[in-house]
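Letters A, B, ... mirror the listed sequences (proteins, then strands); counts begin at 1.
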Amino acid sequence: MIKQQLTEKLEEIIGKYAKEKGIENFVFSVEEPPKNIAADFAVNAAMLIAKKIKANPRNIAAEIIDLILSGMGDIINKADIAGAGFINLHLKDEVLFDELKKIVSEKDKYGSKASNNKEKIMVEFVSANPTGPLHIGHGRGAAIGDSLARILKHLGYNTTKEYYLNDVGNQMLVLAESARVRYLQLMGDEVPFPADHYQGDYIKDIAKRLVDEGRNIDEIDFKKEAVKDILATIEIDLKDFAVEFDNWFSEGAIALDQDKNGKTEVDKACEYLVSKGDAYVKDDALWLASTKFGDDKDRVLKRSDGRYTYLASDVAYHKNKFERGFTKLVNLWGADHHGYVARINACVQMLGFPKEALKVVLYQLVSLVRNGQPVAMSTRTGEFITLKEVVDEVGKDACRFFFLLRAPDSQLEFDLELAKKQSSENPVFYVQYVNARCNSIFRESKSRTDITKNADFSLLNTKEERALIKQLTAFCDTLSLCEKTMSPHHFTSYLIELADIYHKFYEKCRVLSDDSALTSARLKLIEAVCVIIKNGLGLLGVSTPEKM
RNA sequence: GCGCCCAUAGCUCAAUUGGAUAGAGCGUUUGACUACGAAUCAAAAGGUUAGAGGUUCAACUCCUCUUGGGCGCGCCA
């Protein structure tokens with residue numbers, strides 16, 4: 001919150017200055033300087049202005065500093081010129097102390113805004129086909145999508161998490177047939193199992209249930225039964241991974257369900273596109289003119305045999321999302337779907353929305369390694385590692401934290417042997433340990449009677465304490481960064497850094513001491529630490545045990 | 001063949017979207033528990049950011065090319 005307030009004031013002051021120099025709509029950045037620089041924030045405005053008007057950046061910086069000191073004396077203690085013309089700002093301690101008070105009083109509400117209601121956001125993720133259990137790759141999408149949604153929610157956006165269920169199409173027929181053959185086999189029929197059908201044992205489990213229930217083959221809807229069991233498993237696996245959806249949206253609802261005129265939403269979406277001139281008939285098929293909006297080639301919506309493609313459903317689905325009032329759509333897709341981005345972007349624009357209304361976050365696939373050997377992943381062959389398997393082995397917290405450690409863009413190598421180690425090799429323990437240590441102090445402090453109610457933060461004047469407070473107040477900046485980049489991974493970095501600073505503080509500054517005023521102030525400080533750790537880990541879906 | 005993503009310390013990855021001396025964890029070496037938890041801390045070693053050009057006051061970041069890896073390119077989903 002500090003940075004945001006600071007930036008607003010600087011924009012006012014420097015913007016006015018730039019305007020006097022003949023520069024309209026001047027944009028500059030407010031950043032944290034590198035660690036070796038002793039300052040709170042750095043501004044690059046002078047170098048940018050100097051370039052535009054061909055002046056000496058340090059002279060410009062000097063002029064801006066005068067303006068800052070006279071206009072922002074209440075929050076800025078000191079400002080100086082460094083390097084090529086950076087303006088380094090030093091905050092007044094009171095600004096940090098006020099923010100600290102806010103953290104302690106607002107607790108889990110800290111950093112959340114109430115004013116973002118204008119945007120209604122849907123985060124759609126996982127959306128794995130109900131043809132088998134979730135594997136580890138889905139887990140990455142689940143962790144990123146869920147945490148992103150939590151962050152957006154915390155920022156005050158009206159946010160909905162949705163799972164799109166592809167329960168229509170060819171794969172469903174294959175699934176039903178897979179279950180039927182397994183059923184026959186269990187009944188003693190020696191029918192061969194087709195090689196291109198779903199091989200996993202979970203299909204046998206479904207068949208076994210049907211046999212155990214004494215069901216007659218003539219009255220079994222194998223598709224329905226298989227999807228039911230698989231979905232139940234998926235839901236449990238996700239729940240154990242701290243992921244819960246607000247809504248499960250069935251493709252059947254738009255591709256099969258008909259209105260009173262006998263039309264599905266897919267029918268209507270295609271008609272709409274035709275009426276707008278964005279879809280046309282060629283070679284007996286219906287084509288989407290996606291090249292109009294930058295796609296490589298036009299795509300088929302309806303095959304010449306009259307069946308719709310997956311894309312047709314997807315157009316209708318996205319239309320449906322907008323019709324439900326969402327103004328911003330976030331889709332998490334595995335990188336193997338990247339070829340699909342251009343056409344869905346085209347759809348959004350054809351539906352009359354700006355390109356920015358949809359953000360597709362692509363996450364690179366997880367490659368599994370076990371004993372140095374790559375592990376193949378394919379739902380068809382049955383040689384896959386399930387999310388459940390990994391969560392059972394390494395724990396939900398470690399697994400989520402691990403997935404959120406990396407930017408979605410980078411390929412992630414998941415070493416099963418490494419992940420199994422419940423040791424300090426896993427950074428999640430390092431962060432959770434902060435909370436455990438704080439709580440240990442709280443337990444100890446209960447026996448003391450000399451603790452004053454009003455902590456005097458000005459007693460927190462060591463460099464370790466100031467660094468800690470500074471890091472705590474960066475919580476909101478981290479939230480904004482995650483929103484800006486649509487990635488929660490900055491939060492893991494932030495928390496690891498916070499943990500690092502805390503442990504250093506812990507070594508240097510004893511909390512419980514004979515100095516009761518100082519003890520009170522430090523207790524309040526670590527209370528704030530707990531708030532931030534708990535909030536931060538909570539946004540990542542990781543728990544904060546008081547004892548470990 | 002065309003397109004998208006990636007290449008950073010021995011390993012796994014960050015780097016506030018163009019900022020200052022590129023940072024963490026693990027691993028390696030050395031040291032610290034008779035006061036709040038040593039799942040910790042202090043210190044050391046480790047880099048031509050794959051390579052070559054270019055743009056810029058400033059490049060890991062942007063542009064071009066090369067090399068190497070992942071993934072796509074269907075009237076499949």
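- The salt bridge (Lys or Arg N to Asp or Glu O under 4.0 Å) test applied to A/Lys78 returns no partner, not counting sequence neighbours.
- Among the nucleotides B/rA35, B/rA20, B/rU40, the one closest to any side-chain atom of A/Arg437 is B/rU40.
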Reading RNA chain B 5' to 3', how would its secondary structure be written in dot-bracket notation, given Watson-Crick and G-U pairs with both distances under 3.5 Å, brackets [ ] for crossing pairs and | for partners on other strands? (((((.(..((((.....[...)))).(((((.......))))).....(((((..]....)))))).)))))....
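- A/Asp397 places a side-chain N or O within donor-acceptor distance of the main-chain N or O of A/Ser543, the cut-off being under 3.5 Å.
- Judged as a side-chain hydrogen bond (donor to acceptor under 3.5 Å, both in side chains), and not counting sequence neighbours, A/Gln364 has no contacts.
- Remark: A/Arg466 engages A/Asp40 in a salt bridge, criterion side-chain N to carboxylate O under 4.0 Å.
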N/O contacts under 3.5 Å, protein versus nucleotides 42-48 of chain B?
none

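- Remark: A/Glu507 does not engage A/Lys504 in a salt bridge, criterion side-chain N to carboxylate O under 4.0 Å.
- For A/Arg522, the salt bridge (Lys or Arg N to Asp or Glu O under 4.0 Å) test picks out A/Glu465, with sequence neighbours left out.
- Proximity of A/Tyr430 to the phosphate of B/rC41: a side-chain N or O atom is located under 4.0 Å from OP1 or OP2.
- Applying the salt bridge (Lys or Arg N to Asp or Glu O under 4.0 Å) test to A/Arg448 and every residue at least two apart in sequence or in another chain returns A/Asp450.
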Protein-nucleotides 29-32 of chain B N/O pairs under 3.5 Å:
none

Taking only N/O atoms, report every protein-nucleotides 12-14 of chain B pair under 3.5 Å with atom names and distance.
unit_1	atom_1	unit_2	atom_2	d
B/rU12	O2'	A/Arg406	NH2	3.0
B/rC13	OP1	A/Gln411	O	3.0
B/rC13	OP1	A/Glu413	N	2.9
B/rC13	O2'	A/Arg406	NH1	2.4
B/rA14	OP1	A/Ala407	N	2.7
B/rA14	OP1	A/Ser410	OG	2.7
B/rA14	O2'	A/Ser493	OG	3.3

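- With hydrogens and angles ignored, a donor-acceptor pair closer than 3.5 Å exists between the side chain of A/Asn88 and the base of B/rA20.
- Comparing atom distances between the A/Phe429 side chain and each of B/rA20, B/rG19, B/rA39 picks out B/rA39 as nearest.
- For A/Phe403, the ring-ring contact (aromatic ring centres under 6.0 Å, His included) partners at least two apart in sequence or on another chain are A/Phe414.
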Nucleotide-resolved protein contact map, nucleotides 71-77 of chain B, B/S/- at heavy-atom distance under 4.0 Å: BSS-BSB
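- Following rounding to the nearest Å, A/Leu89 (CG) and B/rA20 (P) show an atom-to-atom distance of 17 Å.
- Applying the side-chain hydrogen bond (donor to acceptor under 3.5 Å, both in side chains) criterion to A/Tyr310, with sequence neighbours excluded, gives no partner residue.
- Only the P atoms considered, B/rG27 is 31 Å distant from B/rG69, to the nearest whole Å.
- Ring planes of A/Tyr502 and A/Phe505: tilted class, angle from 30 to 60°.
- Taking atom P in both B/rU49 and B/rA9, one finds a spacing of 10 Å when rounded to whole Å.
- Checked against side-chain hydrogen bond (donor to acceptor under 3.5 Å, both in side chains), A/Asp298 has the following partners two or more places apart in sequence or in another chain: A/Tyr280, A/Thr291.
- Summarising the local packing, NZ of A/Lys3 is surrounded by more than 12 heavy atoms from other residues, nucleotides or ligands at distances under 6.0 Å.
- Here the P atom of nucleotide B/rG19 and the NZ atom of A/Lys51 are 14 Å apart, to the nearest Å.
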